[in-house]
A.B. asks: 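Please see the structure below; I have some questions.
Lettering follows sequence order; numbering is per chain, from 1. Computed over heavy atoms, backbone and side chain alike; hydrogens, waters and symmetry mates excluded.
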Amino acid sequence: MVSDKPVRVRFAPSPTGSLHIGGARTALFNWLFARHFGGKFILRIDDTDESRSSDESTRSIYELLEWLGLTWDEGPIAGGDCGSYIQSERQNLYQEYVHMLLDSGDAYCCYCTADELKQMRENAFAEGRQPHYAGICRHLTEQDRSRLNAAGRKPTVRLKISDSAIIVRDLVQGDVTFEADALDDFIIVKSNGYPLYNFTSAIDDHEMGISHVIRGKDHLSNTPKQILICHALGFELPVFAHLPLVLGSSKGEKLSKRRHGDLVAVGKYREDGYLPEAMINFLVRLGWSYDDKSEIFSLDELVEKFNVERIGRSEGVFDINKLQWLNKTYIMNLDLTERTNAVLPFLRKSGLLETDVTKDCQARLEKIVESVGDRMTTLADIADYGYFFTDNFDYDPRAIKKWWKGGPAAILQGLREVLKSIEVFEMENIETAMWYYLDEKKIKRIRGMQPLRIALTGVSGGPGLFDIIALLGREKVVERLDRAINYIQTAN
RNA sequence: GUCCCCGUCGUCUAGCCUGGCCAAGGACACCAGCCUUUCACGCUGGCGACACGGGUUCAAAUCCCGUCGGGGACGCCA
């Protein structure tokens, strides 16, 4: 079902908010499709509803698509041969087509008011009918129209549709039939002269040579309308593929900004320390699978392996657990330098790092990141290891309760002396000296280690203690031990 | 309400088209154990699903019908 035309697909968000999970997934599937077939991925801004669009949203969409690595071949910024890629800048083109339809008689002016229409719709609902426009203005005479125009009535423009069923041939959904009585003469131009989405979309898809329309299934019922427009204008149809929707919870609701707030915003995940690669991997597995075992895919692999045939038809639920697991996996797979660099902005954001990173500092940073190892789920988790950067930390009450209960001041005191007297303050020496001391004193290792850990970090978990001690340096270690011993003695 | 679509472990899914290889496989999550100075990683094991009811068939998760459940759409929004 892949046509012989060159593959050209588009992502056409309306800039009414920042990029959300569902939109990002649609963009990704389009992008992968284009890359897989060596075609073009086009970005178009569908901002025909000027009142709901904002520049801020538009910028955020650009920014986040770039962050995800979904760069576009044609569109705003990138340019291209198909004119402006922002619909609000294409009004003249739409007007031409409106006139064409009006002249050919395939469209007509409708003088029914919004209120009248609303009333008809409510009546239809009340009577259990599909609310359809009855075609009242379809048979207006030239005189009727002049009279109404003279009276200052501003008409909408409706497409005059035929009474045959429309079959949407869809790569994912199969053939979906819309019976003729499910369709009506719908409005293509508002009474203020601005064209509506279904109209501009059909025109731009044609004008931009779009071969495949891949979008969310919430657009499936728009498709017969767009097909009707194509028919009226003599356009060749693109191939359609409607993706199952992403639901917000097991209760099942389309993921939406209104209902799920920040949970849907891709930008939030960037801020929270998710890697774009993890996000991509997460998104692609929501509705698409390669086989019965593969979970991790690089972008290159996806380009090679992606196919529409393996997109499922049932809707998926956004599961943060899976995203977190993927993110952790991707962080783990970063090499030390990459991981350190990735973590840097988050250190700054949490105020743990203020100065510029000098060479020495970079080396120490890498050691810290190395010791933290695979403990981060998100990059922002680096803030949990703030004790490497600041003395200003509290003792975790639960940790204290468990490990400082017996008042291990004596043990800490002993350890303090051991640590203070180590000649070369390096990991191996520290380890040897401490084990020797603890074993000699017949103190269970864990009875010494955990209280010490809490004294140095405030918490009961984290990187290897010897790493921490070496990284902190003798001076800090002794200081923190004094503070802890003092705390314990005061508390008792 | 009307139209359209969907329904396999809590979640993402493999299997469905081309019935038997499925006493249904993988992954996330969860639980337990091992490893270990802690946490995390890793390893091992556990829990856990064909929505329901009919039919067709020697045989159904797979085909057909119905029911129920869920979602989407029904706009001078996109």
Side-chain angles (χ1 to χ4, degrees), chain A residues 12-16 46-49 51-53 87 110 112-114 117-118 121 124-132 154-158 168 173-174 176-179 181-184 186-194 196-198 200-201 216-222 224 242 244-245 247 249-254 282 285-296 310 312-326 328 332 372-377 384 399 403 431 434-435 438 444-450 452-454 457 459-466:
Chain A
S14 67
T16 55
D46 279 11
D47 60 346
T48 53
D49 186 0
S51 64
R52 298 204 313 159
S53 302
Q87 288 195 323
C110 170
C112 297
T113 66
L117 260 15
K118 193 180 168 200
R121 190 157 41 241
F125 268 119
E127 291 163 30
R129 288 181 291 115
Q130 179 102 291
H132 282 323
K154 299 281 184 220
T156 60
V157 178
R158 287 183 185 270
V168 178
Q173 306 293 332
V176 183
T177 305
F178 292 83
E179 297 300 338
D181 57 15
L183 277 1
D184 67 356
F186 57 96
I187 296 175
I188 55 176
V189 182
K190 294 194 266 189
S191 57
N192 65 6
Y194 284 101
L196 251 10
Y197 164 77
N198 280 126
T200 58
S201 190
K217 212 176 74 173
D218 46 348
H219 284 291
L220 185 59
S221 56
N222 284 324
H242 286 92
L245 264 15
L247 271 25
S249 69
S250 49
K251 267 186 271 171
E253 268 176 339
K254 181 170 85 158
F282 172 73
R285 286 287 291 110
L286 215 49
W288 178 85
S289 63
Y290 177 66
D291 56 21
D292 60 347
K293 45 178 72 73
S294 311
E295 291 290 344
I296 307 287
R310 292 200 66 89
R313 283 209 247 189
S314 51
E315 61 283 274
V317 173
F318 178 92
D319 179 20
I320 189 80
N321 278 321
K322 185 82 169 260
L323 212 208
Q324 286 176 337
W325 170 72
L326 281 165
K328 183 169 214 161
M332 270 162 54
V372 169
D374 46 34
R375 291 174 179 79
M376 290 184 285
T377 295
D384 294 344
W403 296 105
E431 181 168 356
M434 282 190 55
W435 282 162
L438 257 16
K444 274 185 78 178
R445 288 180 170 188
I446 197 167
R447 290 259 138 226
M449 298 294 275
Q450 282 303 80
L452 177 59
R453 173 182 291 281
I454 294 156
T457 69
V459 290
S460 59
L465 236 200
F466 304 119

A.B. asks: Look at all strands and tell whether A/Gly464 reaches a base, only sugar-phosphate, or nothing, counting heavy atoms closer than 4.0 Å.
C.D. replies: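 Base contact.
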
A.B. asks: Just name whichever nucleotide pairs with B/C28, Watson-Crick or G-U, keeping both distances under 3.5 Å, else none.
C.D. replies: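 Looking at the geometry, B/C28 pairs with B/G10.
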
A.B. asks: Name the nucleic acid region contacted by A/Leu326, choosing base, sugar-phosphate or nothing; use a 4.0 angstrom heavy-atom cut-off, strictly under.
C.D. replies: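 Contact class for A/Leu326: none.
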
A.B. asks: How close or far is atom P of B/A73 from atom CG of A/Leu220, stated in whole angstroms?
C.D. replies: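 Atom-to-atom, A/Leu220 to B/A73, this comes out as 11 Å.
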
A.B. asks: Return the nearest nucleotide to the side chain of A/Ile187; candidates are B/C76, B/C77, B/U37.
C.D. replies: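 The listed nucleotide nearest to A/Ile187's side chain is B/C76.
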
A.B. asks: B/G1 P sits how many Å from A/Asp181 CG, rounded?
C.D. replies: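 Taking atom P of B/G1 as the reference, CG of A/Asp181 is at 18 Å.
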
A.B. asks: Tell me if a side-chain donor or acceptor on A/Glu315 pairs with a main-chain N or O of A/Leu247 at a distance below 3.5 Å.
C.D. replies: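 No; judged by distance alone, with no hydrogens or angles, the pair does not exist.
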
A.B. asks: Evaluate the side-chain proximity of A/Lys154 to A/Asn192: yes if any heavy-atom separation is below 4.5 Å, no if none is.
C.D. replies: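 Result no, sub-4.5 Å side-chain heavy-atom pair not found.
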
A.B. asks: Taking any heavy-atom pair under 4.0 Å as a contact, classify A/Lys322: base, sugar-phosphate, or nothing.
C.D. replies: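 Here A/Lys322 touches the bases of the nucleic acid.
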
A.B. asks: Quote, to the nearest angstrom, the C1' distance that separates B/A40 from B/U18.
C.D. replies: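 Each nucleotide's C1' atom is 47 Å from the other's.
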
A.B. asks: Roughly, in whole Å, what's the span from NZ in A/Lys293 to C1' in B/A27?
C.D. replies: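 Nearest whole value for this atom pair: 12 Å.
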
A.B. asks: What integer distance in Å separates A/Trp325:CH2 from B/C30:P?
C.D. replies: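 In whole Å, B/C30 P and A/Trp325 CH2 are 13 Å from each other.
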
A.B. asks: Tell me: CG of A/Leu117 to P of B/C74, nearest whole Å?
C.D. replies: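 Whole-Å distance recorded here is 15 Å.
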
A.B. asks: Check every strand shown and say whether A/Pro463 touches a base, only sugar-phosphate, or nothing at a heavy-atom separation below 4.0 Å.
C.D. replies: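 Base contact.
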
A.B. asks: The side chain of A/Asp218 lies closest to which of these nucleotides: B/C28, B/U38, B/G72?
C.D. replies: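 When the side chain of A/Asp218 is considered, B/G72 is the closest of B/C28, B/U38, B/G72.
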
A.B. asks: What's the gap between B/U67 and B/A73 when it is taken at their P atoms, as a whole Å value?
C.D. replies: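 Those two atoms are separated by 25 Å.
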
A.B. asks: With nearest nucleotides of RNA chain B determined for A/Thr177 and A/Asn222 from heavy-atom distances, which residue corresponds to the more 5′ nucleotide?
C.D. replies: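 Its nearest nucleotide lies further toward 5', so the answer is A/Thr177.
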
A.B. asks: So which nucleotide from B/G75, B/C77, B/G71 ends up closest to the side chain of A/Pro131?
C.D. replies: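 When the side chain of A/Pro131 is considered, B/G75 is the closest of B/G75, B/C77, B/G71.
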
A.B. asks: Is A/His219 touching bases, backbone alone, or none of the nucleic acid, heavy atoms closer than 4.0 Å?
C.D. replies: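 A/His219: base contact, heavy atoms under 4.0 Å.
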
A.B. asks: With heavy atoms under 4.0 Å as the rule, sort A/Asp46 into base, sugar-phosphate or nothing.
C.D. replies: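 Since only primed, P, OP1 and OP2 atoms lie under 4.0 Å of A/Asp46, the category is sugar-phosphate.
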
A.B. asks: What's the verdict on side-chain contact (heavy atoms from CB on, under 4.5 Å) for A/Ile296 and A/Leu326, showing C-alpha distance, side-chain angles and the deciding distance?
C.D. replies: CA-CA 8 Å; A/Ile296 307 287; A/Leu326 281 165; 3.6 Å; yes

A.B. asks: Checking contacts here: which listed nucleotide (B/G26, B/C5, B/U37) is nearest the side-chain heavy atoms of A/Gln173?
C.D. replies: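 The listed nucleotide nearest to A/Gln173's side chain is B/C5.
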
A.B. asks: Using the rule given for side-chain contact (heavy atoms from CB on, under 4.5 Å), can you reason through A/Trp435 versus A/Met449, listing the C-alpha separation, both sets of side-chain angles and the distance that settles it, and then say yes or no?
C.D. replies: CA-CA 10 Å; A/Trp435 282 162; A/Met449 298 294 275; 3.7 Å; yes

A.B. asks: Under 3.5 Å, is there any donor-acceptor pair linking the side chain of A/Glu127 to the base of B/G1?
C.D. replies: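 Donor-acceptor pair under 3.5 Å: no.
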
A.B. asks: A/His219 vs A/Tyr197 aromatic rings, parallel, tilted or perpendicular, using cut-offs 30° and 60°?
C.D. replies: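 Correct class here is tilted.
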
A.B. asks: Give me the distance, rounded to whole Å, that separates B/G69 from B/C28 when you measure between the C1' atoms they each carry.
C.D. replies: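 It works out to 25 Å between them.
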
A.B. asks: Please examine the side chains of A/Pro244 and A/Ser314, heavy atoms only from C-beta on, and report whether any two atoms are closer than 4.5 Å.
C.D. replies: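 No - every pair of side-chain heavy atoms lies 4.5 Å or more apart.
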
A.B. asks: Considering Watson-Crick and G-U wobble pairs with both distances under 3.5 Å, what does B/A61 pair with?
C.D. replies: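 Looking at the geometry, B/A61 pairs with no nucleotide.
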
A.B. asks: Counting only side-chain heavy atoms from C-beta out, which of B/G71, B/G10, B/A27 sits nearest to A/Leu247?
C.D. replies: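 Of B/G71, B/G10, B/A27, B/G71 is nearest to the side chain of A/Leu247.
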
A.B. asks: Which base sits across from B/C3 as a Watson-Crick or G-U pair, both distances under 3.5 Å?
C.D. replies: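 The answer is B/G72, by the H-bond criterion.
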
A.B. asks: Which nucleotide, in any strand shown, forms a Watson-Crick or G-U wobble pair with B/U67, with both distances under 3.5 Å?
C.D. replies: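 Its partner is B/A51.
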
A.B. asks: Side-chain N or O of A/Arg310 less than 4.0 angstrom from OP1 or OP2 on B/C12?
C.D. replies: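 Negative; the distance criterion is not met.
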
A.B. asks: Return whichever of A/Leu245 or A/Val176 has its heavy-atom-nearest nucleotide of RNA chain B closer to the 5' end.
C.D. replies: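 Nearer the 5' end of the strand: A/Val176.
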
A.B. asks: Once you round it to whole Å, what is the distance between P of B/C28 and CG of A/Leu286?
C.D. replies: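 Interatomic distance, CG of A/Leu286 to P of B/C28: 17 Å.
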
A.B. asks: Which of the following nucleotides, B/C41, B/C5, B/A78, is nearest to the side chain of A/Leu196?
C.D. replies: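 Among B/C41, B/C5, B/A78, the one nearest the side chain of A/Leu196 is B/A78.
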
A.B. asks: Go through the steps for A/Ile446 and A/Trp403 under the test side-chain contact (heavy atoms from CB on, under 4.5 Å), then give the verdict.
C.D. replies: CA-CA 10 Å; A/Ile446 197 167; A/Trp403 296 105; 3.7 Å; yes

A.B. asks: Please state how far atom CZ in A/Arg285 lies from atom P in B/A29, giving the value in whole angstrom units.
C.D. replies: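 Distance check: A/Arg285 CZ to B/A29 P gives 14 Å.
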
A.B. asks: Using a heavy-atom cut-off of under 4.0 Å over every strand shown, decide if A/Ser314 touches base, sugar-phosphate, or nothing.
C.D. replies: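 Sugar-phosphate, backbone atoms only, no base.
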
A.B. asks: So, is A/Ser289 close to the B/A14 phosphate, meaning a side-chain N or O under 4.0 Å from OP1 or OP2?
C.D. replies: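 For B/A14, OP1/OP2 do have a side-chain N/O of A/Ser289 under 4.0 Å.
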
A.B. asks: C1' atom, B/C50 versus B/G15: distance in rounded Å?
C.D. replies: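 Rounded to whole Å, the distance is 10 Å.
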
A.B. asks: Kindly indicate whether the side chain of A/Arg313 and the base of B/C6 share any N or O donor-acceptor pair separated by less than 3.5 Å?
C.D. replies: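 When only heavy-atom distances are counted, A/Arg313 does not reach the base of B/C6 through any donor-acceptor pair under 3.5 Å.
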
A.B. asks: In whole Å, measure the gap between the C1' atoms of B/A49 and B/C41 for me.
C.D. replies: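 Result for the C1' pair: 30 Å, nearest Å.
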
A.B. asks: Rounded to whole angstroms, how far apart are CG on A/Asp292 and C1' on B/A14?
C.D. replies: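 To the nearest whole Å, that distance equals 5 Å.
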
A.B. asks: What nucleotide, of B/A27, B/C6, B/G1, holds the atom closest to the side chain of A/Phe125?
C.D. replies: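 The answer is B/G1.
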
A.B. asks: How far does the P atom of B/G53 sit from the matching atom of B/A60, given to the nearest Å?
C.D. replies: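 Here B/G53 and B/A60 have their P atoms 14 Å from each other.
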
A.B. asks: May I ask you to evaluate whether A/Arg121 reaches the phosphate of B/G75, defined as a side-chain N or O under 4.0 Å from OP1 or OP2?
C.D. replies: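 Indeed, a polar side-chain atom of A/Arg121 lies that close.
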
A.B. asks: Need the pair for B/C39. Rule: Watson-Crick or G-U wobble, both distances under 3.5 Å, any strand; none if unpaired.
C.D. replies: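 B/C39 is paired with nothing.
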
A.B. asks: Taking A/His132 for the side chain and A/Asp181 for the main chain, is one N or O donor matched with an acceptor at less than 3.5 Å?
C.D. replies: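 Judged by distance alone, yes, a pair lies under 3.5 Å.
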
A.B. asks: Select base, sugar-phosphate, or nothing to describe what A/Phe282 touches, counting heavy atoms under 4.0 Å on all strands.
C.D. replies: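 Result for A/Phe282 = nothing.
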
A.B. asks: With heavy atoms under 4.0 Å as the rule, sort A/Thr48 into base, sugar-phosphate or nothing.
C.D. replies: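 If one applies the 4.0 Å heavy-atom cut-off, A/Thr48 turns out to touch the sugar-phosphate alone, with no base involved.
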
A.B. asks: Touch check for A/Lys118, heavy atoms < 4.0 angstrom, all strands: base, sugar-phosphate only, or nothing?
C.D. replies: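 Touches nothing.
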
A.B. asks: Which part of the nucleic acid, if any, lies within reach of A/Glu315 when heavy atoms closer than 4.0 Å are counted: base, sugar-phosphate only, or nothing?
C.D. replies: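 Base: the residue A/Glu315, judged by heavy atoms under 4.0 Å, touches a nucleobase.
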
A.B. asks: Using the P atom as the point on both nucleotides, what is the distance between B/U11 and B/G71, in whole Å?
C.D. replies: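 Pairwise P distance, B/G71 against B/U11, rounds to 14 Å.
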
A.B. asks: Would you measure the distance from the P atom in B/G72 across to the matching atom in B/G66 and give it in whole Å?
C.D. replies: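 Comparing P positions in B/G72 and B/G66 gives a spacing of 24 Å.
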
A.B. asks: Which part of the nucleic acid does A/Gly373 contact within heavy-atom distance under 4.0 Å: base, sugar-phosphate only, or nothing?
C.D. replies: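 It contacts nothing in the nucleic acid.
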
A.B. asks: Hey, could you give me the CZ/SG distance between A/Arg158 and A/Cys112, rounded to the nearest 0.5 Å?
C.D. replies: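 Nearest 0.5 Å value for the CZ-SG distance: 6.5 Å.
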
A.B. asks: Can you list the steps and then say if A/Phe282 with A/Trp325 is a side-chain contact (heavy atoms from CB on, under 4.5 Å)?
C.D. replies: CA-CA 10 Å; A/Phe282 172 73; A/Trp325 170 72; over 6 Å; no

A.B. asks: Output the single nucleotide from B/U13, B/C28, B/U37 whose closest atom is nearest the side chain of A/Phe466.
C.D. replies: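 For the A/Phe466 side chain, the nearest candidate turns out to be B/U37.
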
A.B. asks: Is any side-chain N or O of A/Lys444 closer than 4.0 Å to OP1 or OP2 of B/U37?
C.D. replies: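 For B/U37, neither OP1 nor OP2 has a side-chain N or O of A/Lys444 closer than 4.0 Å.
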
